[in-house]
Amino acid sequence: MRKTANRRADTVIVLDFETTGLSAAGGDRVIEVGAVRIEKGKVTDRFQSLMNPGIRVDTFIEDYTGITNKMLKTAPTCKAVMTEFADFIEDFDMVAHNAAFDSRFLAAELRRIRRASRGEFACSMLIARRMYQDVPNHKLGTLVAFHQLPTGGVFHRALADAEMTTQLWLKMLNDLEDDYQLTKIPFDLMQAIARVPKSKLSQLLMDKFE
DNA sequence: TGCCAGGCCCTCTTTAGGGCCTT
């Protein structure tokens, strides 16, 4: 068992990256980071910064995110921002929507500054696929609209998306607590839900808490 | 020159293919 009975077990970082493309291994870089710290179910801190990757972003990314080359030209370096962000996330566990994507970029950017995180990821998309099978699709925006979760009307910016993922995460925790008469859903159970076949979700929870 | 992600998940599956998600 890992990280039990300490304060860290009650804290998660919900994060989102805007990037120059889809492939961290192919040289794409982070251009904006947004993150929300949740402690004992409450938002206690936030982190947001643009970061200058030293390469131009293409027009698709400018249009998709609203982040322009002009904005990035005056932004702090990736090294400066990621150093500060590494201090923010410490070794807390993390949540992201399609976490495989964000975890790859986090690892790549931390590697560049010779830092690392021991925190583990849970994926809100994989969990939502299992919990909400009647939603048209499992894009973050669709899930937020479907559940009528609060948004600031901004999409595809790092902090705005991290805030929406936070709302979705808290919604999923609340729904599980309600459905299974629980007072607390451990992080590693959420990770397990993300891995279990859809058809076995109920059985997993029943086995866990019966 | 041409190409260009990766992993999950479903099914017309497992000796595979294609859609979904993220930017």
Side-chain angles (χ1 to χ4, degrees), chain A residues 12-36 48-72 75 78 81-82 85 89 94-112 117 119-147 149 151 154-169 171-172 190-204:
Chain A
V12 296
I13 305 291
V14 184
L15 63 85
D16 183 74
F17 291 131
E18 304 306 316
T19 69
T20 62
L22 295 173
S23 177
D28 283 320
R29 299 296 304 275
V30 173
I31 57 175
E32 187 181 41
V33 53
V36 175
Q48 185 278 328
S49 182
L50 291 171
M51 45 199 263
N52 185 347
I55 56 176
R56 289 186 63 80
V57 300
D58 62 32
T59 53
F60 172 81
I61 296 298
E62 285 190 320
D63 293 342
Y64 186 78
T65 65
I67 299 169
T68 65
N69 284 293
K70 184 178 180 182
M71 292 163 67
L72 294 174
C78 292
V81 174
M82 288 307 299
F85 189 57
I89 63 175
M94 292 164 280
V95 174
H97 201 69
N98 196 4
F101 176 86
D102 293 281
S103 64
R104 282 194 296 269
F105 276 96
L106 177 66
E109 293 294 345
L110 290 179
R111 198 178 306 122
R112 289 174 185 271
S117 169
E120 296 187 9
F121 271 90
C123 178
S124 57
M125 181 190 74
L126 293 179
I127 298 166
R129 277 181 178 171
R130 286 153 179 76
M131 290 183 63
Y132 307 126
Q133 299 183 28
D134 52 349
V135 183
N137 61 61
H138 296 86
K139 295 178 182 177
L140 179 59
T142 302
L143 287 160
V144 166
F146 184 85
H147 292 297
L149 300 173
T151 78
V154 176
F155 298 88
H156 307 308
R157 288 298 298 266
L159 183 57
D161 284 3
E163 298 270 15
M164 286 189 285
T165 304
T166 298
Q167 293 296 326
L168 175 62
W169 178 256
K171 162 79 174 164
M172 293 191 297
M190 295 299 270
Q191 290 179 303
I193 291 171
R195 288 191 296 264
V196 75
K198 283 180 188 175
S199 59
K200 302 286 178 58
L201 174 59
S202 295
Q203 193 59 52
L204 169 76

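Just so we're on the same page: letters track the sequence lines, and every chain starts at 1.
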(message) Output the rounded distance in Å from CE (M125(A)) to C1' (dG7(B)).
(response) 9 Å
(message) With a 4.0 Å limit, can you tell me whether H138(A) has a side-chain N or O closer than that to the phosphate oxygens OP1/OP2 of dC20(B)?
(response) no
(request) Would you kindly say whether H156(A) and T65(A) are connected by a side-chain donor-acceptor distance under 3.5 Å? (result) no
(request) Name the closest nucleotide to the L140(A) side chain, picking from dC21(B), dT23(B), dT22(B). (result) dT22(B)
(request) Give D28(A) one of three labels, base, sugar-phosphate or nothing, depending on what nucleic acid heavy atoms sit under 4.0 Å from its own. (result) nothing
(request) Provide the distance between the two C1' atoms, one in dC10(B) and one in dT14(B), to the nearest whole Å. (result) 13 Å
(request) List in chain and number order the residues that pass ring-ring contact (aromatic ring centres under 6.0 Å, His included) with F60(A), two or more places apart in sequence or in another chain; answer none if no residue qualifies. (result) Y64(A)
(request) Report the residues that fulfil salt bridge (Lys or Arg N to Asp or Glu O under 4.0 Å) with E109(A), sequence neighbours left out, ordered by chain and then residue number. (result) R29(A)
(message) Roughly how many Å apart are dG17(B) and dT13(B), using the P atom of each and rounding to a whole number?
(response) 12 Å
(message) What contact category does N137(A) fall into here, base, sugar-phosphate, or nothing, at under 4.0 angstrom with non-hydrogen atoms?
(response) sugar-phosphate
(request) May I ask you to decide whether E18(A) forms a salt bridge with R157(A), counting only side-chain N to carboxylate O separations under 4.0 Å? (result) no
(message) Can you confirm whether the side chains of D28(A) and T19(A) place a donor and an acceptor under 3.5 Å from each other?
(response) no
(message) What's the gap between dT15(B) and dT1(B) when it is taken at their P atoms, as a whole Å value?
(response) 41 Å
(message) Does anything in residues 62-71 of chain A come within less than 4.0 Å of DNA chain B? Heavy atoms only, and list the residues if so.
(response) Y64(A), T65(A)
